[in-house]
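These notes concern the structure reproduced below.
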There are 2 protein chains.
Amino acid sequence: MRRADGSVPGSVRRRLTRYLTYAQDLRSRGAEWVSSRDIAEGLGLTSSTVRQDMSFVDFSGVSKKGYETIGLEKVLTSMLGADTVWNCVVVGAGNLGAAIARHEEFARRGFSIQGIFDNDPRKTGRRVGALTVRPISEMPPFVGRHRTDIGILAVPAPAAQQVADLLIASGIKGLLNMALAHIVAPRRVAVMDSRIIVSLMELTHLIKYPPERGAGGA
Amino acid sequence: MRRADGSVPGSVRRRLTRYLTYAQDLRSRGAEWVSSRDIAEGLGLTSSTVRQDMSFVDFSGVSKKGYETIGLEKVLTSMLGADTVWNCVVVGAGNLGAAIARHEEFARRGFSIQGIFDNDPRKTGRRVGALTVRPISEMPPFVGRHRTDIGILAVPAPAAQQVADLLIASGIKGLLNMALAHIVAPRRVAVMDSRIIVSLMELTHLIKYPPERGAGGA
DNA sequence: TAGATTGTTAATCGATTAACAATC
DNA sequence: TAGATTGTTAATCGATTAACAATC
C-alpha cells in the first residue's frame, strides 16, 4: 500500500537498501529480470515480503517475468536519494572519523565529505586524505556556507549530544551517529545510529544465545 | 516472559545494548537507581516497553525505587557477553579494516583484535597499530591456532562471501559483516550486518521522506 | 493454452502499549 | 499511610505470511 507522502515503514526502509544493492549486483552481472522469489532467496526473506514491500515502491513487475533489474535499480536509487550528492561533514578525527574521510567509497556513493572537524589541537591542521582537520568552532559557519546536509558524529560519547546540538543549530538535515550515546534531536532532523561496537555486542549475544530456528535474527 | 534458553527476540536484543550503555553512563555519573520511566525518557521509548524487556533479563527491580544501576549493568554485561574477551580477526586492511585494528575502544570493550589479513601484496607486511597485515592464506590456520571467535569482514562486496566461507570453515563462531553483500552462513554461525553506507542510505531516505509523527523511525 | 508470477486481500503472528493489582 | 513503581496480563497495533484471482 503506497503512501501519499512516499514515506515507508522503518521495517520496509531497511529492506529497500538491500533490494537496491541486490539489484545493482544483479544488473552488473547481466541479469535483466528478477522475480520476488529470486530476491527472497538471495536475501533470506519470503517472496510475500518482497512483493508486499514492492507495493511501497512506484514500480510494477510483469507477470511471469518479475521485475526488470534496470528499472528496479533506477526507482530504488531515486527513492533512497542515491542519485543525489549529499554534502557531509565528519566531526571527530580519530580512527573512525579519519577512515571515513579518507574512504573513496563514500564519494562514489554520493556522500561528499566536505570537511572534518576536531577539537584536539594535536589533530587540527593535520591532513586527512584531501582534507585538513579544522577546529569545531569553525564548523557552524562552514555548514552554513557549504549547505551541508549530513553530519557524521565520530566523537566520544560524552561529546556527542553537544556536537549534535551545534550541527542542528547550524541547519543540518540529518545525523549519522557513530557515538555510543543516545542523540536527542527535533523531529525535522533525521538521526540514524550506526555503531560497530553495538553491532559487536549484539553479535556476541547472538553467539551466546542463538535464536530458536525461525525467530527474528539479525 | 523469560525464555529457558536465555534467547530473546531480536527487537529486545537491540534494546538491551542500549540499556547497557545507558546503565554504564548513569553509574559513571553516580546514579544508584533508575526507573523504567527514566530509561524510557532517556532512550525515547515507553516505560511499558522497558519493563516488558526487563522480563527477559534475570534481574528484578524494587517497587518505588526502580532498578539498581550497578546490578543492571552487571546482569546486562554478562547477558551480552561484555564480561568476556572475544578473539577477533579483521579481514581487509583498507581504511575501515585498518581503523578497526588501530582503535583502542575495541580492546577496552573486550574485543581483542588478534590479526589483520589482506590479499593485496601492497598491504601485506605493513604494520597497522600493533599488528602486521598477513596474506589471507595464513588466516585459516591462524584462526584455528588462536581460537578466534569473531571475523570482521571489511573486504569489498564481491569477495565477502568467499572470505566468509573461509572463516566458517576455519571454525569461526560469528561474523560482523561490513561489506555491501548478503552473507549466507550455516545456522551455527551468527552473522550481524554493520554497514555505514547502508545507514547513510537509510538516513537520506529518512531525510527525503520523514515518517509521519509516531511511526517507527530509526 | 498452461504455467508462472504479480499485486492484493485476508489470516497469522509478534511487538508494543495500556492498564492495574501487588508491593514496598 | 499514601504514593510511586514494578511485574504481568490484556488490548492494540503493525508486520509478516498465506492464499489466490488477475495477468501475460
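So you know, we letter chains A, B, ... as the sequences are listed, proteins then strands, and number each from 1. All values derive from a computational prediction rather than experimental measurement.
A:K208 NZ: more than 12 foreign heavy atoms inside a 6.0 Å radius. Shown here is A:R2, whose CZ atom has more than 12 heavy atoms of other residues, nucleotides or ligands within 6.0 Å. Around CD of A:E41, the count of heavy atoms belonging to other residues, nucleotides or ligands within 6.0 Å exceeds 12.
In terms of the side chain to side chain contact (heavy atoms under 4.5 Å, CB included) criterion, residue partners of A:Q52 (sequence neighbours excluded) are, by chain and number, A:S55.
At a cut-off of 3.5 Å, with distance as the only test, a side-chain donor of A:Y19 or A:D53 sits close to an acceptor on the other residue.
Comparing A:R51 and B:R37, the nucleotide of DNA chain D nearest to each residue sits closer to the 5' end for B:R37.
The side chain of B:K64 lies closest to C:dC24 when the candidates are D:dT16, C:dA19, C:dC24. Nearest to the side chain of A:Q52, among D:dG7, D:dA18, C:dT16, sits D:dA18.
Counting non-hydrogen atoms under 4.0 angstrom, B:S35 reaches the backbone sugars and phosphates but no base. Backbone-only engagement by A:T46 is indicated by non-hydrogen atom pairs under 4.0 Å involving sugar-phosphate atoms exclusively. Across all strands shown, B:V12 has no heavy atoms under 4.0 Å from either base or sugar-phosphate atoms.
In this structure, CH2 of B:W33 is placed 14 Å from C1' of D:dA4, rounded to the nearest angstrom. In this structure, CD1 of B:I39 is placed 12 Å from P of D:dT5, rounded to the nearest angstrom. To the nearest angstrom, C1' of C:dT5 lies 15 Å from CG of A:L72. In this structure, the NZ atom of B:K65 is 12 Å from the P atom of C:dC24, given to the nearest Å. Look at CG on A:L45: it is 8 Å from P on D:dT17, rounded to the nearest Å.
Between B:R13 and A:E202 no salt bridge is recorded (no basic side-chain N to carboxylate O distance below 4.0 Å).
Contact check, B:S60 against D:dT6: no side-chain N or O comes under 4.0 Å of OP1 or OP2. Put simply, A:R2 has no side-chain N or O that comes within less than 4.0 Å of OP1 or OP2 on C:dG7. Side-chain N/O atoms of B:S48 include none lying less than 4.0 angstrom from OP1 or OP2 on C:dA18. Contact annotation: B:S36 side-chain N/O to D:dT6 OP1/OP2 distance is under 4.0 Å. Between D:dT17 and A:T49, a contact under 4.0 Å exists linking OP1 or OP2 to a side-chain N or O. Between D:dT16 and A:R15, a contact under 4.0 Å exists linking OP1 or OP2 to a side-chain N or O.
Under the side-chain contact (heavy atoms from CB on, under 4.5 Å) rule, A:V143 has a single partner from A:H146, A:R147, A:M139, which is A:M139.
In the helix from C:dG3-D:dC24 to C:dC24-D:dG3, the terminal helix axes, each the rotation mapping four pairs' C1' atoms onto the next four within five end pairs, subtend 10°, rounded to 10°.
No hydrogens or angles were tested; on distance alone, nothing pairs the side chain of A:S63 with the base of C:dT6 as donor and acceptor under 3.5 Å.
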